[in-house]
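Input: a single structure, listed below in structure tokens.
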Amino acid sequence: QLQLVESGGGLVQPGGSLRLACTSTGSTLDGYTVAWFRQAPGKEREGVSCISFTTRSTNYADPVKDRFTISRDDAKNTIYLQMNSLKPEDTAIYYCAADRVYYGVSWYLNTAYDYWGQGTQVTVSS
């Protein structure tokens with residue numbers, strides 16, 4: 001059974017950077033599409049970015065384009081989310097999610113992923 005573990009969250013000032021990591025236990029991430037979602041207080045969980053396994057196709061939500069970069073290191077069994085130029089509105093709990101299928105334009109749907117991590121808190125504040 002695939003279990004996902006996020007790390008790298010914390011408190012950062014506006015304009016700063018953080019790198020989140022998602023790794024797995026129980027099984028490797030080989031063959032899985034992995035996505036990052038986030039949920040801010042009082043808001044619905046939203047898709048942030050996604051990376052497929054075979055073609056390394058990537059997707060980004062409009063609010064994070066040109067600021068966030070998703071990547072994967074198969075040797076380390078880890079997916080990264082590099083977050084630059086952080087804004088207060090990026091404050092949220094960030095979750096990684098995985099599924100065997102890459103859903104293309106529907107990558108941002110919560111229902112597209114069978115496996116979820118527990119989340120890591122990102123707070124952007126001065």
Side-chain angles (χ1 to χ4, degrees):
Q1 181 78 358
L2 185 71
Q3 295 180 318
L4 303 176
V5 181
E6 303 95 337
S7 62
L11 173 64
V12 63
Q13 292 187 343
S17 298
L18 281 175
R19 188 176 76 162
L20 305 183
C22 173
T23 189
S24 67
T25 62
S27 177
T28 71
L29 292 169
D30 289 353
Y32 286 90
T33 290
V34 178
W36 286 96
F37 285 76
R38 67 186 182 185
Q39 187 166 22
K43 294 188 176 182
E44 294 186 353
R45 189 161 55 186
E46 62 177 1
V48 175
S49 185
C50 165
I51 185 166
S52 69
F53 176 71
T54 304
T55 62
R56 299 302 200 258
S57 297
T58 58
N59 302 88
Y60 295 93
D62 286 343
V64 307
K65 280 180 181 177
D66 301 323
R67 298 189 298 123
F68 291 10
T69 302
I70 193 169
S71 63
R72 63 192 303 159
D73 185 334
D74 294 338
K76 295 183 178 180
N77 192 43
T78 302
I79 280 70
Y80 299 102
L81 185 68
Q82 178 67 44
M83 305 187 296
N84 299 329
S85 302
L86 283 162
K87 304 175 181 180
E89 51 264 44
D90 294 318
T91 295
I93 299 174
Y94 283 70
Y95 300 89
C96 67
D99 196 85
R100 284 284 190 184
V101 178
Y102 173 56
Y103 289 93
V105 296
S106 299
W107 68 271
Y108 61 92
L109 296 175
N110 286 258
T111 54
Y113 300 90
D114 285 339
Y115 303 97
W116 291 82
Q118 294 299 307
T120 184
Q121 177 71 47
V122 171
T123 303
V124 185
S125 175
S126 55

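Positions are given from 1 along the sequence. These numbers come from the heavy atoms of this one structure, side chains and all, not from hydrogens, waters or symmetry mates.
- Trp116 and Val48 sit in two unconnected hydrophobic clusters of ILVMFWY residues. Membership requires side-chain heavy atoms under 4.5 Å apart, directly or through other members.
- Side chains of Asn77 and Ser24 form a contact here, defined as non-hydrogen atoms less than 4.5 Å apart.
- Residues Gly47 and Ala61 come closest through the heavy atom pair O-CB, 3.3 Å.
- Between the side chain of Gln118 and the main chain of Val5, no donor-acceptor pair closer than 3.5 Å is present.
- Between Cys50 and Trp107, the shortest heavy-atom distance links the atoms CB-CE3, 3.5 Å.
- Minimum heavy-atom separation, Gln82 to Asn84: NE2-OD1, 2.9 Å.
- Between Phe53 and Leu29 the shortest side-chain heavy-atom distance does not fall below 4.5 Å.
- Between Leu20 and Arg38 there is no side-chain heavy-atom pair separated by less than 4.5 Å.
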For this session: Step by step, work out the side-chain contact (heavy atoms from CB on, under 4.5 Å) result for Tyr113 and Thr33.
Result: CA-CA 9 Å; Tyr113 300 90; Thr33 290; 4.3 Å; yes
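- Hydrophobic clustering of Ile, Leu, Val, Met, Phe, Trp and Tyr side chains at less than 4.5 Å, counting indirect connections, unites Val64 with Ile70.
- Centroid-to-centroid, the aromatic rings of Trp36 and Phe68 stay 6.0 Å apart or farther.
- A salt bridge does not link Asp90 to Lys87: none of the charged nitrogens lies less than 4.0 Å from a carboxylate oxygen.
- Within 6.0 Å of CD in Glu44 there are 12 or fewer heavy atoms belonging to other residues, nucleotides or ligands.
- Between Tyr60 and Asp66, the closest side-chain pair of non-hydrogen atoms is not below 4.5 Å.
- No side-chain heavy atom of Cys96 sits under 4.5 Å from any side-chain heavy atom of Ile79.
- Looking at every heavy atom in both residues, Ser106 comes nearest to Ala112 through O-CB, 4.4 Å.
- Counting only heavy atoms from C-beta outward, the side chains of Tyr115 and Ser27 never approach each other to under 4.5 Å.
- Rounding to the nearest 0.5 angstrom, the gap separating the CD1 atom in Ile93 from the CD atom in Gln39 is 7.0 Å.
- In this structure, Gln121 and Thr91 have side chains that are in contact, with non-hydrogen atoms separated by less than 4.5 Å.
- Between Gln1 atom CD and Thr25 atom OG1 the span is 9.5 Å, to the nearest 0.5 Å.
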I'd like a table of donor-acceptor pairs (distance under 3.5 Å, sequence neighbours excluded) in which one partner is a side-chain atom from residues 97-105, with atom names and distances.
from	atom 1	to	atom 2	distance (Å)
Asp99	OD1	Asp114	N	3.2
Asp99	OD2	Val101	N	2.9
Arg100	NH1	Asp30	O	3.3
Tyr102	OH	Asn59	OD1	2.7

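- A donor-acceptor pair is defined here as one N or O able to donate and one able to accept, closer than 3.5 Å; such a pair exists between the side chain of Glu6 and the backbone of Gly119.
- The backbone N or O of Ser52 lies less than 3.5 Å from no partner atom in the side chain of Ser57, so there is not a single donor-acceptor pair.
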For this session: Start with the C-alpha distance between Ser125 and Thr123, add both sets of side-chain angles, then the distance that settles side-chain hydrogen bond (donor to acceptor under 3.5 Å, both in side chains), and finish with yes or no.
Result: CA-CA 6 Å; Ser125 175; Thr123 303; over 6 Å; no
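- Counting all heavy atoms, side chain and backbone alike, Tyr32 lies closest to Arg72 at O-NH1, 2.9 Å.
- The hydrophobic clustering, which links ILVMFWY residues whose side-chain heavy atoms are closer than 4.5 Å, places Val12 and Leu81 together.
- Cluster annotation: Met83 and Val124 are assigned to the same hydrophobic cluster (Ile/Leu/Val/Met/Phe/Trp/Tyr, side-chain heavy-atom contacts under 4.5 Å, transitive).
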For this session: Would you sort out whether Leu4 and Tyr95 count as a side-chain contact (heavy atoms from CB on, under 4.5 Å), showing the intermediate values?
Result: CA-CA 9 Å; Leu4 303 176; Tyr95 300 89; over 6 Å; no
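- Closest of all the heavy-atom pairs between Thr78 and Ala21 is CG2-CB, 3.8 Å.
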